[in-house]
Protein chains: 2
Amino acid sequence: MKTRITLKKIANEFGVSISTVSKALKGSHEIGEELRGKIQAFANYYNYKPNNLALQLRSQKTSVIGVVIPEIVHHFFSTVIDGIEHYANNKGYNVMVCVSNESYEKEVLNFNVLANGSVDGLIVSLARGTQESRKYDHIKGLVKDEFPFVMFDRVVDEIECDKVIIDDMGGACKATEHLIETGSKRIALLSTKDFVSVGLLRKEGYIKALYQAGYTVEDDLIYKIDDSKNLYDQIKKVFESPIMPDAILAVNEVYAANALIIAKEKGYSVPEDIAIIGFTSGLISEFTSPPLTSVRQHGFLMGEQAAELLINRIEQKEPQGFKTEIISTSLKIRKSTKS
Amino acid sequence: MKTRITLKKIANEFGVSISTVSKALKGSHEIGEELRGKIQAFANYYNYKPNNLALQLRSQKTSVIGVVIPEIVHHFFSTVIDGIEHYANNKGYNVMVCVSNESYEKEVLNFNVLANGSVDGLIVSLARGTQESRKYDHIKGLVKDEFPFVMFDRVVDEIECDKVIIDDMGGACKATEHLIETGSKRIALLSTKDFVSVGLLRKEGYIKALYQAGYTVEDDLIYKIDDSKNLYDQIKKVFESPIMPDAILAVNEVYAANALIIAKEKGYSVPEDIAIIGFTSGLISEFTSPPLTSVRQHGFLMGEQAAELLINRIEQKEPQGFKTEIISTSLKIRKSTKS
DNA sequence: AAGAGTTACTCAAACGTTTTCGTGTTAGTA
DNA sequence: TACTAACACGAAAACGTTTGAGTAACTCTT
């Protein structure tokens, strides 16, 4: 690659000092009109653009915000990024995305790369590996130094920082209530392992709704799916229990869609024999047959809120207290539940 | 935010020079054992990490690669990013993602931010707005300066650089052939406006297969969908033509899934009355009913290849010629086509 | 004609590193 | 004793930029 043109080279070309060139390019009246014009024309011809690294080093500001997420091929997370991008760009920031791949080690690595001058702040959703191991020192170090830091979706109580969360409990509760209202008596829950914070919260919402309706919570009806194993086989077990459930609440779209497929394979009709609701942020639910009633998560809004919190934190003059924003869900009723 | 500790501060603390501290932290034997140990302990205690911007400015290398894509909430593009991330991380690079939102102006803006020292190279898929306007000066400038630059998927012939493309023509051709082999006589094509390069290529593949089979190409069977308008209404027209087609090839997953929904609404059975194939990289096709036969695009591989080309270009000693890698598709046969 | 003001520049520090070269002190050798 | 080598550290340049302070050479005023 040809080396880019710098102030120094232009200065040499004209036999003037670097500061003269800098000022000339900024249109300063300190520099004579003739020279100023010549320098500008020259710089323009050679397509001069100030080097970002130098600017950032000098100003101690990168105008970049870092995002660390567990996965990127995931409708919810990519929607959140979109929201972050949207808000950040409007405020003059760029976004640097890193993927932890659900691994604690990779997450720590990403932190080290990003939080050493490369970005002005960090927006993070925890890797499964991190939640599982409960090792948060890499985060606590940043928070202690008051590094601008926002967590979203997969957060953890013991870290004090700005947070944005989905109202997982409320969403699951509303969904469960809807199933109860439409006549379901035995509602199965397709959840994740308990260390995934959102899985746990959704389970609590499910339980809350059952309690409020006077239903008993049966552990047999709660299935903890392991994402690293075959989904189909695990979900099939729901349909092999001695007393079949008449409804399923799934904590994500793919679980719900799989449940729907299996139900139909087994000859059950949806929603008559079994109703299904999934949490979702993607498109799958719209195109299944019947389309799935689902708890919508509004990832874009979440991303915007996270970016807003972070940029406020970055640009704050006075220290401010930490906020937790809660994004409420909405229940999109389609055809996989009775009316 | 508390200011991070620097070499200078440590140097002051010990009353030594900055270079001494730098050497001590690197474990140099130039520095006496005792002092070296003390400095290391001190730095460690205050969690010293060298400032990336300073390192990058000095070494003239960022180890970051920039990616500019039209959308991020898009299964194909996020899969490509995943592939880029994967390869780049293995080679010690990080990834900075920017979204052009299909807009030419935003794309140019992203280029200006990224290609001024912030990244060592750029991987780009063109915005629709850019393809439509045919304004490529922002790219040509970079290429002229031999800035490491790779295009993928939405490329353009007149720019000479490394490229990675899907075998769109081959994929569409294979899909069309499959429809012909399974008895379809009137095959409709759901394509995009012609300025989208991949839409055009897929149309050519479709036409090629028809020619080879001795079919005539009927313009009435080619529908150019406008993404900015209502998809459902546009696709419905396919089913309102005087002579109904008996098969549909859609250039993406969402068109195909919509076609399937509409076909069923109109009382046609799939694949008996009408067979459907879509291009895809997402999950929708798996969960429709019947699941959609589709042309798989292998975005992850594409991302890996793009990253490989770029990093080779960045690290090249001798100038090399430009390469174009072609990622072949595979036809995943499901239930929306006859056997 | 001397002081003040303007014009058109240059200097140098600062951001945080790394690294080459230089230098003063001490110890060892002939 | 005088020369050399080893040791332990410092000085300064370099990456590219911005910016406040400094300085010549003018011009104007009275």
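The model shown is predicted, which means the values in this text are computed figures rather than measured ones. In what follows, every chain begins at residue 1, and chains take the letters A, B, ... in the order their sequences are listed.
- For A/Y136, the ring-ring contact (aromatic ring centres under 6.0 Å, His included) test picks out no residue, with sequence neighbours left out.
- Comparing D/dG16, C/dT18, D/dT19 by their nearest atom to the side chain of A/T6 picks out D/dG16.
- Between the C1' atom of C/dG16 and the CG atom of B/L25 lies a distance of 13 Å, rounded to the nearest Å.
- With sequence neighbours excluded, the residues forming a side chain to side chain contact (heavy atoms under 4.5 Å, CB included) with A/S59 are A/K61, listed by chain and number.
- Side-chain N/O atoms of B/T20 include none lying less than 4.0 angstrom from OP1 or OP2 on D/dC9.
- A/S22 has a side-chain polar atom (N or O) that falls below the 4.0 Å cut-off from OP1 or OP2 of D/dT18.
- Contact between the side-chain N/O atoms of A/K26 and the OP1/OP2 oxygens of D/dT18 is found at a separation under 4.0 Å.
- Salt-bridge formation is detected for the pair A/E158/A/K140: a Lys NZ or Arg NE/NH1/NH2 atom is positioned less than 4.0 Å from an Asp or Glu carboxylate oxygen.
- Taking the side chain of A/K23 as heavy atoms from C-beta on, and the options C/dT17, D/dA21, D/dC15, the nearest nucleotide is D/dA21.
- No donor-acceptor contact under 3.5 angstrom links the side chains of A/K91 and A/S63, judged on distance only.
- Closest to the side chain of B/Q60, out of D/dG16, D/dA11, C/dG16, is D/dG16.
- Not a single donor-acceptor pair, N or O on each side, falls under 3.5 Å between the base of C/dC9 and the side chain of A/S17.
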Between the protein and nucleotides 6-8 of chain D, list every N/O to N/O distance that falls short of 3.5 Å.
none

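- The distance between atom NZ of A/K61 and atom C1' of D/dT18, rounded to the nearest whole Å, is 17 Å.
- Atom CG of B/L53 and atom P of D/dT17 are 15 Å apart (whole Å).
- Listed candidates were C/dG16, D/dG10, D/dT18. Nearest to the side chain of B/R58 is C/dG16.
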- Message: Please evaluate residues B/R4 and B/N47 with respect to the criterion side-chain hydrogen bond (donor to acceptor under 3.5 Å, both in side chains), reporting the C-alpha separation (whole Å), side-chain torsions for both, the decisive distance (0.1 Å), and the verdict.
- Response: CA-CA 9 Å; B/R4 292 188 75 87; B/N47 196 25; 5.4 Å; no

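- The distance between atom NZ of A/K9 and atom P of D/dA14, rounded to the nearest whole Å, is 14 Å.
- Between the P atom of C/dC9 and the NZ atom of A/K38 lies a distance of 10 Å, rounded to the nearest Å.
- Atom C1' of nucleotide D/dG16 and atom CG of B/L57 are separated by 6 Å, given to the nearest angstrom.
- For residues 30-53 of chain B, every residue pair satisfying the ring pair (Phe, Tyr, Trp, His ring centres under 6.0 Å) rule, not counting sequence neighbours, is listed here: B/F14-B/F42, B/F42-B/Y46.
- OP1 or OP2 of D/dC15 lies within a sub-4.0 Å distance of a side-chain N or O belonging to A/K8.
- The aromatic rings of A/F77 and A/F152 lie perpendicular to each other, with more than 60° between the two planes, well past the 30° mark.
- Salt-bridge formation is not detected for the pair A/E160/A/K144: no Lys NZ or Arg NE/NH1/NH2 atom is positioned less than 4.0 Å from an Asp or Glu carboxylate oxygen.
- Distance, B/R4 CZ to C/dT17 C1': 14 Å, rounded to whole Å.
- Between the CG atom of A/L55 and the P atom of D/dC15 there is a distance of 16 Å, rounded to whole Å.
- A/E34 has a carboxylate O that lies under 4.0 Å from a charged side-chain N of A/K38, or vice versa, which qualifies the two as a salt bridge.
- In this structure, the side chain to side chain contact (heavy atoms under 4.5 Å, CB included) partners of A/E315, at least two apart in sequence or on a different chain, are A/Y93, A/I311.
- Within residues 40-51 of chain A, no residue places a heavy atom under 4.0 Å from DNA chain C.
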